[in-house]
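These notes concern the structure reproduced below.
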Amino acid sequence: MIWYYSKLAFRNVLKNRGYALVNITGFALGLSAFLLIILFVIDERSYDKFNIHHKRIFRVDTELKYGGAITSFAIAAPPLADAMRNDFPEVEDAVRIERVENIQLKKGIETIQEDRVFYADQSLFDVFSYKVLDGNTKKALADPGSIVIMKSVAMKYFGSTNATGNTLTIMNDNSIHTITAVLDDMPSQSHFHAEIILPLSARENSRITAFNQFTFNTYVLLKDMRDAEVLNSKLKQFLKKHLAENMNVEAFEEGGNYIRLTLTPLDNIHLHSNKQRELEANADISYVYIFTSIALSILALACINFVNLFTARSAERAKEVGVRKVLGSFRESIIIQFMLEAFVMILIAITLAVIVAIACIPIFNTLAGKNFELRFTTFLTLFPTIAIVTLVVSVVAGSYPAIFLSSFTPAKVLKGELSSGFRSNKLRNILVVIQFSIATILVVGAFVVYHQLNFIHSKNIGFNRDQVLIINNVSSMDDPVLLKKQVEDISGVINASLSGYLPTLAARWATNVSSEAHHGLLSEFWSIDADYIKR
């Protein structure tokens, strides 16, 4: 019986191909937009979950109140990792990470600037999960003269991932490092992306013992994720005890100041953390909520549009239903037929939507700054949502007109007394109002976003960005002042300046400014020359 109604449904769709094309295309385009936006949302919410122990990894952050200002840092004191490992039975392991800039490597006679260079403890590979392509990570960072590189770096310098045993020269200090392991490139869904990892033991600041200096991003691996709450409650007394070794904590707090430690789950860093000294810029959970709302609104529009068109077309089939009832068709069979017709059209629309979404992924990647790839697991993730949409829309679009039409006597249907009333039924009116309301909200939201972006681009920030060129890493040159003089001699150059910081730089270094002990403020100090503030 189902097979019979399925064939009948296909025949009706082909018979009314013009109407079916409009309805299917509209639903498919809406669904494809929904799929692309949901892919973005899934990607944003999947950061750092490639780590096997991601639920047990927490970053230890520092909150400082000084001089009336409260600053949250994504870094902590150098001795914190060892102290937590020794003092807390809840901590299985800990690792410190530091990102550095202006690292230059030698490749033949060429010097290459590397931007993603990190220093880390050997325990990095016990806390985080990375795929090893060559070598061994068990003692990869134990020797100060070792170095771990990623696949992309190995291919750039050696043309192969089998690079273990080769050496790389860091031009900054002419140090030679032996490659101990080659790792696969870090997944894009990681809150930091290292390409070169050097041993932190080679850094002098790794041996600082003071707890009132904040230097490294510190991560702890707990034995049980449920221990986080217990550990959090112990951090206040733990820090106070260790701070007392280097400072007068009571006097510091009497001035209204404090230093606190907090735990941030690894899974929350990308969307919920925007602190000073993040390893990389993170996203914001509010954008996920906004895009999810937009995706659901587009899906609702597509579903409502499909139901409206389907029910409007069904009104013209009143006589068909009347004839079928006269010939002995049961009400249940009529309902099944309408639902199957809706189901067939939705299946065709879903297939078309997936094809459109796949075709648009390269364009969407460019717009969103992502690198999406549709995998089988992605479809498995989206399958429940698509299945629910298919079921709900099929039932609503198919059952309502079928129940409405089949409830009248054949005589009224054949006389045409039903058709005009059905075209103006309350359900469709309500759906149209909802559809236009959602569309209006989306249009207004689009205008607001457009004007905000236009404001950002046209806002006067005090200097003309279009006429300012930046030459990075000049400090690594033998004579930066000579370069400045040569630049000033170029025709068309109005002014040149040397500076240690940029106004738009994300990373900031704050220094204590005080007239008396434990009273003062944190202020940024920039090294600039006399030409920096000239216009």
Side-chain angles (χ1 to χ4, degrees), residues 57-67 71-101 117-127 139 141-146 173 175 197-222 231-255 257-264 275-279 507-514 517-520 522 525:
I57 301 174
F58 294 78
R59 189 182 67 196
V60 187
D61 298 331
T62 305
E63 187 174 281
L64 170 67
K65 181 180 180 182
Y66 189 74
T71 308
S72 296
F73 295 94
I75 53 178
L80 181 69
D82 284 337
M84 292 188 70
R85 203 162 19 210
N86 296 329
D87 291 9
F88 297 119
E90 296 88 356
V91 175
E92 180 177 321
D93 212 337
V95 60
R96 300 172 299 173
I97 302 175
E98 181 184 24
R99 183 170 184 171
V100 293
E101 299 178 350
V117 180
F118 290 72
Y119 283 86
D121 292 319
Q122 170 60 41
S123 54
L124 172 74
F125 307 110
D126 298 318
V127 175
K139 294 184 178 181
L141 297 175
D143 189 330
S146 59
D173 57 5
S175 59
I197 304 174
L198 292 162
L200 192 60
S201 59
R203 301 276 286 175
E204 290 186 8
N205 57 0
S206 67
R207 293 179 282 278
I208 294 175
T209 58
F211 274 77
N212 59 349
Q213 298 186 34
F214 320 134
T215 309
F216 303 124
N217 297 84
T218 303
Y219 301 81
V220 293
L221 174 65
L222 303 186
L231 184 60
N232 242 331
S233 64
K234 298 179 180 180
L235 289 177
K236 183 177 181 180
Q237 291 302 320
F238 161 82
L239 181 60
K240 191 171 184 178
K241 180 186 73 172
H242 288 285
L243 283 174
E245 300 170 1
N246 303 99
M247 60 183 289
N248 189 332
V249 180
E250 287 72 19
F252 182 76
E253 292 180 346
E254 284 176 3
N257 309 308
Y258 62 73
I259 300 175
R260 296 173 182 171
L261 297 177
T262 58
L263 296 179
T264 300
K275 304 177 187 294
Q276 294 284 337
R277 299 290 303 279
E278 297 278 353
L279 288 176
R508 296 298 191 205
W509 290 91
T511 304
N512 175 28
V513 179
S514 61
H518 309 305
H519 293 275
L522 291 177
F525 282 75

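Throughout, residue positions are numbered sequentially from 1 according to the sequence presented.
Closest of all the heavy-atom pairs between N232 and T262 is OD1-CA, 4.1 Å. Considering all non-hydrogen atoms of both residues, F252 and Y258 come closest at CE2-N, 3.5 Å. For the pair V249 and A244, the tightest heavy-atom approach, listed with the atom from each and the gap, is CG2-N, 3.7 Å. The shortest heavy-atom contact between Y66 and N257 is CA-OD1, 3.4 Å. Scanning all heavy atoms of the two residues, the minimum distance from S206 to R96 falls at O-NH1, 3.0 Å. Across all non-hydrogen atoms, the minimal contact from P78 to T215 is CG-OG1, 3.7 Å.
Identified under the side-chain hydrogen bond (donor to acceptor under 3.5 Å, both in side chains) test for residues 72-84, with sequence neighbours left out: D82-R85. For residues 201-219, every residue pair satisfying the salt bridge (charged side-chain N to carboxylate O under 4.0 Å, His left out) rule, not counting sequence neighbours, is listed here: E98-R203. Annotation: salt bridge (charged side-chain N to carboxylate O under 4.0 Å, His left out) contacts involving residues 238-250, sequence neighbours excluded, comprise D87-K241.
Looking at heavy atoms from C-beta onward, D126 lies out of side-chain contact with V95 at the 4.5 angstrom threshold. A 4.5 Å side-chain heavy-atom check between V220 and D93 finds every atom pair outside the cut-off. Looking at heavy atoms from C-beta onward, Q213 lies out of side-chain contact with N246 at the 4.5 angstrom threshold. Counting heavy atoms from C-beta on, the side chains of V91 and L222 come closer than 4.5 Å. Two residues are said to be in side-chain contact when any heavy atoms from C-beta on lie closer than 4.5 Å; T62 and L80 fail this criterion.
A distance of 11.0 Å separates CD of E63 from CD1 of I259, quoted to the nearest 0.5 Å. Rounded to the nearest 0.5 Å, atoms CG (L239) and CZ (R260) are 11.0 Å apart. Here CE of M84 is found 10.5 Å from CZ of F58. Values are rounded to the nearest 0.5 Å. With rounding to the nearest 0.5 Å, the separation of CG in L124 from OH in Y119 is 14.5 Å.
In this view, F125 satisfies the ring pair (Phe, Tyr, Trp, His ring centres under 6.0 Å) rule with no residue, not counting sequence neighbours. F211 meets the ring pair (Phe, Tyr, Trp, His ring centres under 6.0 Å) test with H242; sequence neighbours excluded. Under the rule for a salt bridge (Lys or Arg N to Asp or Glu O under 4.0 Å), the partners of R59 that lie at least two apart in sequence or sit in another chain are D61, E278.
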Side chain to side chain contact (heavy atoms under 4.5 Å, CB included) assessment of Q276 paired with F73: CA-CA 5 Å; Q276 294 284 337; F73 295 94; 3.7 Å; yes

Side chain to side chain contact (heavy atoms under 4.5 Å, CB included) assessment of F118 paired with L279: CA-CA 10 Å; F118 290 72; L279 288 176; 3.8 Å; yes

Worked verdict on F216 versus L200 for side chain to side chain contact (heavy atoms under 4.5 Å, CB included): CA-CA 10 Å; F216 303 124; L200 192 60; 3.7 Å; yes

Verdict with supporting geometry, D121 and S123, side-chain hydrogen bond (donor to acceptor under 3.5 Å, both in side chains): CA-CA 5 Å; D121 292 319; S123 54; 4.6 Å; no

Side chain to side chain contact (heavy atoms under 4.5 Å, CB included) assessment of V60 paired with L263: CA-CA 5 Å; V60 187; L263 296 179; 3.8 Å; yes

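Aromatic ring pairs are classed by plane angle as parallel below 30°, tilted from 30° to 60° and perpendicular above 60°; the pair F88 and F238 is tilted.
K234 NZ: more than 12 foreign heavy atoms inside a 6.0 Å radius.
Checking side-chain atoms of Q122 against main-chain N and O of L141 turns up a donor-acceptor pair under 3.5 Å.
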